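As structure tokens, the structure follows; a few thoughts come after it.
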Amino acid sequence: MVAGAVVGAAMGGEARAFAPLGTLFIQFIKMLVVPLVAVSIISGAASLGGSRSAGVIGSVSIAYIFATTLVAVCIAFGADALFKPGAGVDMALFEGGGKDYGTAPTLSFWDTLIGMIPANPIKALVDGNMLQIIVFGLLLGFGISALAEQKRTKVVGGLNALLEALVWCIDKVMWVAPLGVFGLMAESIGTFGFEVLLRIADLVWVYLLAILVMGVVVYPLTIATMSRVPLKTFVKEMVRPQLIAFSTASSLVTLPENMATCDRLGISKEVSGFVIPLGATINMSGNAIYYTLVTLFFAEMYGIDLGVAQYVAIAVVATLGSIGQAGVPGPTLLVVAVMVAAGVPIEGLPLLYALDRIFDMVRTVLNITGDTACAAVTDRFVKRTK
């Protein structure tokens, strides 16, 4: 990242010669992200049938995940309203910038809701329509979970094996990430210069503030009021998995340590065995904050006045779309779905792809913290039913 910034500043527009390195990396990620999301969503939903207390565990954990993710989106709305990190950016600094995009096209709540349902799931996979893939994947996964145990075990086993293979592919692709990030940063700095990049710093600190509110206020509050785990113990035991999450930027890599943390917190294996793997796939409040803030940031940069329908679309797509972000490091492609839903142009996204590793490390820490908090809360409700 640093090397790319130096080269971009030194070479200026000529640094675009390194763009293919970034494009190659992005293409590899795009190649894998659709099957990875589809398989992980189906596998996570199908796992609901593998527990004696599946009904309680599934309903409580999923309710917690969706509720806290929606809270995360609201926090992002509040942070943007207070600080407006995208306001004041001169779009003339962008190549072809300065264009007046006006008001975002009208998008009603029902349009958004109907658009979530794929008329053709295969077409949704081909087009990479993440929101439709998520809806279909959840429905199919729930259908698999309703099968007889013998049939369900075979299907879930196959899905998990395929998921492991896809994660292996992602792991190998990440070997070229340094070159990809170098190319993306060199192109971004060479094209846009440091002045615009420094404006992104406003987005970074507002993003960090929103992450802190969620991680230091909301999750601890749920632990203190809705679980039997002492808050001090929770904070102490989470240090190690949080460090792993920060260094690897991967919820899936952190998964084994997070499950071990649940054991130390006294959470039953029945609960942690389901909630933690599911959470590593669909509990992504950090991603929801990112999607929301980035969309609002670019709307402000382009001078777009968002209406109520657009804010509803952002909230719905960011909340539901965040569960489609697989627990592996890499550029966040699903933010495109949120921006498109709100009618916000995506031309400036390469700037954020170059800095995505920074965003990714921070949001992964919040995501895995939410996974353990969800397990702790769910464990209390399950124990009450016994």
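Only a predicted model underlies this, so the values are computations on that prediction, with no experimental measurement involved.
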Check whether any side-chain heavy atom of [X] lies under 4.5 Å from a side-chain heavy atom of [Y], and answer yes or no.
{"X": "D371", "Y": "T254", "result": "no"}
{"X": "L166", "Y": "P35", "result": "yes"}
{"X": "V206", "Y": "D80", "result": "no"}
{"X": "L366", "Y": "S285", "result": "yes"}
{"X": "F297", "Y": "V344", "result": "no"}
{"X": "L203", "Y": "F359", "result": "yes"}
{"X": "Y219", "Y": "T372", "result": "no"}
{"X": "Y207", "Y": "R363", "result": "yes"}

Under a 4.5 Å side-chain heavy-atom rule over Ile, Leu, Val, Met, Phe, Trp and Tyr, are [X] and [Y] clustered together?
{"X": "L209", "Y": "I289", "answer": "yes"}
{"X": "F77", "Y": "L70", "answer": "no"}
{"X": "L212", "Y": "M361", "answer": "no"}
{"X": "L139", "Y": "V155", "answer": "no"}
{"X": "F83", "Y": "I314", "answer": "yes"}

Indicate the atoms forming the closest heavy-atom contact of [X] with [Y], along with that distance.
{"X": "A288", "Y": "T292", "result": "O-OG1, 2.8 Å"}
{"X": "A315", "Y": "V73", "result": "CA-CG1, 3.9 Å"}
{"X": "A375", "Y": "C262", "result": "CB-SG, 4.1 Å"}
{"X": "M339", "Y": "V294", "result": "SD-CG1, 4.2 Å"}
{"X": "G286", "Y": "I211", "result": "CA-CD1, 4.0 Å"}
{"X": "L21", "Y": "G183", "result": "CB-CA, 4.2 Å"}

Mind checking the [atom1]-[atom2] spacing from [X] to [Y]? Nearest 0.5 Å is all I need.
{"X": "L159", "Y": "E164", "atom1": "CG", "atom2": "CD", "value": "11.5 Å"}
{"X": "I223", "Y": "L221", "atom1": "CD1", "atom2": "CG", "value": "10.0 Å"}
{"X": "S61", "Y": "F381", "atom1": "OG", "atom2": "CZ", "value": "11.5 Å"}
{"X": "R152", "Y": "I144", "atom1": "CZ", "atom2": "CD1", "value": "10.5 Å"}
{"X": "L265", "Y": "F234", "atom1": "CG", "atom2": "CZ", "value": "7.0 Å"}
{"X": "M284", "Y": "I368", "atom1": "CE", "atom2": "CD1", "value": "11.0 Å"}

Are L306 and L296 close enough, and set up right, to give a side chain to side chain contact (heavy atoms under 4.5 Å, CB included), and what steps lead you there?
-> CA-CA 9 Å; L306 299 177; L296 297 174; 3.7 Å; yes

Counting N and O atoms only, with roles assigned by atom type, does the side chain of S145 sit under 3.5 Å from a partner on the main chain of F142, one being a donor and the other an acceptor?
-> yes

Can any side-chain N or O of N283 pair as donor or acceptor with the backbone N or O of I65 at less than 3.5 Å?
-> no

Any chance the side chains of N287 and N367 put a donor and an acceptor closer than 3.5 Å?
-> yes

Side-chain donor/acceptor pairs under 3.5 Å, residues 113-122, sequence neighbours excluded:
from: N120; atom 1: OD1; to: I122; atom 2: N; distance (Å): 3.0
from: N120; atom 1: OD1; to: K123; atom 2: N; distance (Å): 3.3

side-chain contact (heavy atoms from CB on, under 4.5 Å) involving R264 - partner list, sequence neighbours excluded = E237, E257, A260, T261

Quick one: side-chain contact (heavy atoms from CB on, under 4.5 Å) partners of K172, sequence neighbours excluded?
-> W168, W175

Side chain to side chain contact (heavy atoms under 4.5 Å, CB included) between K84 and D202: does it pass, once the steps are laid out?
-> CA-CA 9 Å; K84 296 190 177 300; D202 289 338; over 6 Å; no

Is any side-chain N of the basic residue among D379 and R228 closer than 4.0 Å to the acidic one's carboxylate O?
-> no

